2 protein chains.
Amino acid sequence: MNFTVIEAVGKKVKILDQTKLPAELVYNNYDDFRDIITSIKRLEIRGAPALGIAGAYALAVACEAEVDVDFEHFKKLIPDIANEIKNARPTAVNLGWGVDCALRAAYDSKAENIEQFQKILWDEALAILNEDKILCDKIGVNGEKFLKDGDTILTHCNAGALATGGSGTALSPIYAAKKVGKNIKVFADETRPLLQGARLTTWELMQEGIDVTLICDNMAGVVMRQGKIDCVIVGTDRVAKNGDVANKIGTYTVAVLAKEHNIPFYVALPYSTFCQDIERGEDIPIEERAPEEITNWGGVQTAPEGVKVYSPAFDITPAELVTAYITDKGVTPGKRK
Amino acid sequence: MNFTVIEAVGKKVKILDQTKLPAELVYNNYDDFRDIITSIKRLEIRGAPALGIAGAYALAVACEAEVDVDFEHFKKLIPDIANEIKNARPTAVNLGWGVDCALRAAYDSKAENIEQFQKILWDEALAILNEDKILCDKIGVNGEKFLKDGDTILTHCNAGALATGGSGTALSPIYAAKKVGKNIKVFADETRPLLQGARLTTWELMQEGIDVTLICDNMAGVVMRQGKIDCVIVGTDRVAKNGDVANKIGTYTVAVLAKEHNIPFYVALPYSTFCQDIERGEDIPIEERAPEEITNWGGVQTAPEGVKVYSPAFDITPAELVTAYITDKGVTPGKRK
C-alpha cells in the first residue's frame with residue numbers, strides 16, 4: 001500500500017491519524033501507551049483487524065516504560081496495563097484479542113528478564129501485523145477471480161486497508177485485481193451518518209490509483225439500474241451460523257438492490273469472523289448510535305431540535321441475499337438463487 | 001397549517017425563509033420584486049406549486065412600483081419584468097407558469113388604468129394560491145383512504161406543505177388522515193445531499209403534531225424489514241405518459257425496497273403533473289448537481305480533494321414499481337403487481 005496504518009518505528013508506534021482524513025495525511029509517533037489509548041478512543045485508528053494490532057503494540061510500548069522494577073514485580077504490573085488498553089474500546093473484540101495474544105506469547109515464553117519479555121511483545125505485535133497482511137492478501141487472491149477486466153464494483157462503508165494491517169477485506173480483491181493487470185473501477189457509497197465511504201474508502205482507493213466515484217447512499221439504486229455496476233463487495237462485523245451478515249447500516253439495502261438488478265453480492269471477511277455462537281441474524285443485537293450524528297454536521301443543525309431519530313449502527317443482510325463469502329481460506333457460496 | 005409558506009400582507013408579500021429552517025422560523029416581508037427574485041434564487045421558497053404562487057405575487061409587487069407612467073407605457077414595461085422574474089430559476093416550469101397566469105388574467109381583463117391592472121394581478125395571485133390549497137386538500141382526501149388508523153408512512157424528500165400553497169402533495173394524505181382522527185406516524189428519509197427530509201419534512205410534521213422519526217436514507221431498508229412501515233408516499237417532479245415517475249434522487253431505491261417488502265408505494269401529485277409530451281422515464285433528462293454538495297458540509301471537507309462524484313438530482317421510478325398515483329382528480333392504479 002502507498003500508506004501505512006500502523007507500524008513500529010524503533011520503540012515508537014506510528015499511527016496514521018484517520019480523523020484527519022481526507023483533508024490531511026498526518027502520522028503520529030507514540031512512545032506512551034496512554035497516548036495510544038487516546039488515539040484508539042479518538043478513532044485515529046479503527047477497524048477490527050487494525051485494532052488488534054494496535055492493542056498488541058500498545059502493550060509493547062507500555063512495557064518499555066516499566067524498567068525500574070525487578071522482573072517478578074514487572075510481570076505483576078502487566079495485567080492492569082493490559083486491562084487499561086482493552087478498555088479503550090470495550091466493545092471492540094479484536095482490541096482485547098490483540099492484547100491477549102501478545103500477553104500470552106510473552107508469558108508462555110522463556111523470557112528470563114524484562115528485556116527479553118519486552119522483545120517478545122514487540123515481536124508478537126509484528127507477527128500479528130504480518131499475519132493480518134497475509135490474511136488480507138489471501139482474501140484478495142480468492143476474491144480477484146470474481147472480477148473481470150473493466151468491471152465496476154460498488155462498496156459500502158470502509159472495509160479497506162485503513163481498517164486492517166494489510167490490504168483490507170472488501171477492497172483487497174480490487175487491489176489484487178489491479179496487481180494482475182485488470183482495470184477495475186469503484187463506486188463508493190458515502191455511508192451516512194459517519195461518512196466512512198466518503199472520507200476513507202475514496203481516499204485509500206485514490207492513494208492506490210484506483211478509479212473511484214463517490215455517490216450518496218440513495219444513489220446506489222440508480223447506478224445499478226443504469227448498468228454501471230458489475231458486482232458489490234462489502235465487509236462484515238460478524239456472520240451468524242446460518243450465513244446472515246451483520247455490517248454497517250445500509251448494507252441490507254444495497255443487497256436488496258443487487259438482487260433486484262441481478263448483480264452479484266459478495267461479502268469479504270477473515271474466516272474467523274464466521275460466528276460459531278450466534279445462530280441467526282435476528283439474534284445479533286443491533287446497537288443504536290447517538291441522534292446528534294444525524295441531526296448535526298460540522299456544527300450546523302440539520303434537523304429540528306428534539307426530533308425523534310432512529311439510527312441503528314448496522315443491519316442484517318440475510319444469507320438469501322449473499323452470492324458468496326470470500327475468505328482467506330477460500331470461497332463459500334451464499335444462499336442467493 | 002400552523003405556518004404560512006407565502007401570502008400577501010397589504011401590498012407586501014410574506015415568505016417563510018426555508019433556508020433558516022429547521023433552526024429558526026423567520027418570515028420576510030418583501031415590497032420590492034427584486035428581493036423576491038433573490039428570495040427565490042436563495043431557495044427561501046421552493047417546490048413547484050409554491051414557486052408558481054411566488055411568481056404571480058412577484059409580478060404584483062413589481063407592478064406596484066411602476067406608477068409614474070401612463071397606462072400604455074406601463075403595459076409595455078411588464079414583459080421585461082415578467083421575464084426577469086421567470087429567470088430567477090429558469091428550469092422551474094411552475095415559476096414561469098404562475099407569472100404567465102397572472103399576466104394573462106391582467107391583459108385579458110377590462111382594466112382601464114394602472115390601479116385596476118394592479119388589483120387584478122393581486123387577485124390572480126391569491127386565486128392561484130387558493131386553487132393550490134384546494135388541490136392539495138383533494139389529494140389529501142383521495143389519499144387518506146389508503147391510510148389506516150395506526151399506520152406508519154415512509155416518505156422521501158419534502159413534498160409537503162412547505163413545497164406548496166396548501167397542505168402539500170405526499171404529506172397531504174397524512175394531514176387529511178389526522179383530520180379524520182386517524183393516528184398516523186411517519187419515518188422521514190433525510191434525503192442527501194441537501195437534506196430536505198431532515199430539514200423540512202420533519203419540521204413541518206412536528207409543527208402539525210404528527211409523530212415523525214428521522215432516518216438516514218440507507219436505513220429505509222432495515223425499517224421496512226423490521227415491519228415498521230405500512231406504506232410509502234412520495235411526490236414527483238413529473239410523470240411520463242407510461243407512468244414512469246421522476247422524483248428526488250433515492251426515490252427509485254425506496255420503490256425497489258417497498259416492492260421487496262410488499263409495502264404499497266404511492267405517488268401523490270397534481271393531476272396536471274402527468275406529462276403529455278414525454279413517453280417514457282428514460283426520455284427524461286437527468287440533471288447532475290454540483291459535487292461540492294456531497295464533498296463539503298457546513299464548511300467541513302468530507303471527501304478527498306479532487307474525488308470524482310456522481311450526483312444525479314433525481315431518478316426514474318418505473319411504473320411497474322408504483323402501486324397507485326394519488327391526484328386531485330382521483331386515484332389511478334400503477335403497474336405494480
Side-chain angles (χ1 to χ4, degrees), chain A residues 21-23 156 187-193 195 198-199 202-203 206 211-223 225 228 248-257 259-261 286 291 294-312 314-316 318, chain B residues 21-23 156 187-193 195 198-199 202-203 206 211-223 225 228 248-257 259-261 286 291 294-312 314-316 318:
Chain A
L21 294 178
H156 188 75
F187 274 75
D189 280 352
E190 66 173 2
T191 318
R192 284 283 284 155
L195 301 175
R199 294 187 297 107
T202 57
W203 183 86
M206 287 169 82
D211 184 323
V212 58
T213 302
L214 173 63
I215 56 172
C216 295
D217 299 322
N218 66 22
M219 297 166 190
V222 73
V223 296
R225 187 165 169 87
K228 288 189 163 86
K248 182 67 60 197
I249 185 68
T251 303
Y252 170 64
T253 288
V254 175
V256 169
L257 290 168
K259 184 185 136 205
E260 169 78 11
H261 297 89
I286 296 192
I294 297 181
T295 59
N296 284 274
W297 188 259
V300 182
Q301 184 185 339
T302 55
E305 202 72 46
V307 66
K308 280 207 287 189
V309 171
Y310 177 58
S311 183
F314 55 91
D315 59 27
I316 306 297
Chain B
L21 294 178
H156 187 75
F187 273 76
D189 281 351
E190 65 172 3
T191 318
R192 284 283 285 155
L195 302 175
R199 294 187 297 109
T202 57
W203 183 85
M206 287 168 82
D211 184 321
V212 58
T213 301
L214 174 63
I215 57 172
C216 295
D217 300 321
N218 65 24
M219 297 166 190
V222 74
V223 295
R225 187 166 169 86
K228 288 189 164 85
K248 181 67 60 200
I249 185 69
T251 303
Y252 170 64
T253 289
V254 175
V256 169
L257 289 168
K259 185 184 136 206
E260 169 78 11
H261 297 90
I286 297 192
I294 298 181
T295 59
N296 283 274
W297 189 260
V300 181
Q301 184 185 337
T302 56
E305 201 74 45
V307 66
K308 281 207 285 187
V309 171
Y310 177 59
S311 182
F314 55 90
D315 59 27
I316 307 297

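Below, chain A is the first sequence line, B the second, and so on; all start at residue 1. Computed from a predicted model, the values in this text were never measured in an experiment.
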request  = Could you have a look at A:Pro318, A:Pro291, A:Ala255 and say which one has the most heavy-atom pairs with chain B under 4.5 angstrom?
outcome  = A:Pro318
request  = Only one of A:Lys248, A:Arg192, A:Glu190 passes side chain to side chain contact (heavy atoms under 4.5 Å, CB included) with B:Asn218; say which it is.
outcome  = A:Arg192
query = To the nearest 0.5 Å, what is the distance between CE (B:Met219) and CD1 (A:Ile249)?
reply = 5.0 Å
Segment of B:Gln301 engaging chain A (4.5 angstrom heavy-atom cut-off) = both
query = Partners of A:Thr253 by side-chain contact (heavy atoms from CB on, under 4.5 Å), sequence neighbours excluded?
reply = A:Leu257, B:Thr253, B:Leu257
task = Select one option (side chain, backbone, both, neither) describing which atoms of B:Tyr252 are under 4.5 Å from chain A's heavy atoms.
result = side chain
message = Please rank B:Trp203, B:Phe187, B:Trp297 by heavy-atom pairs under 4.5 Å with chain A and give me the top one.
response = B:Trp297
task = Just give me the residue among B:Gly250, B:Ala220, B:Ala188 that pairs up with chain A most often, heavy atom to heavy atom, under 4.5 Å.
result = B:Gly250
query = At their closest point, which heavy atom of A:Met206 faces which heavy atom of B:Glu305, and how far apart are they?
reply = CE-O, 3.7 Å
key: Atom of B:Pro304, atom of A:Ala198 and distance for their closest heavy-atom approach   = CD-O, 3.4 Å
request  = Could you have a look at A:Asp189, A:Asp217, A:Val223 and say which one has the most heavy-atom pairs with chain B under 4.5 angstrom?
outcome  = A:Asp217
request  = Could you grab the distance from atom CD1 of B:Ile294 to atom CG of A:Leu195, nearest 0.5 Å is fine?
outcome  = 10.5 Å
query = By a 4.5 Å heavy-atom criterion (distance strictly below it), what part of B:Val254 contacts chain A: side chain, backbone, both, or neither?
reply = neither
note = Turns out that what part of A:Asp211 lies under 4.5 Å from chain B's heavy atoms comes down to side chain
query = If you round to the nearest 0.5 Å, how far is CZ of B:Arg225 from CD1 of A:Ile316?
reply = 9.0 Å
request  = Quick one: which of B:Val300, B:Thr295, B:Thr251, B:Thr213 has the most heavy-atom pairs under 4.5 Å with chain A, could you say?
outcome  = B:Thr213
key: Choice from B:Ile215, B:Asp315, B:Val256, B:Thr302 maximising heavy atom contacts with chain A below 4.5 Å   = B:Thr302
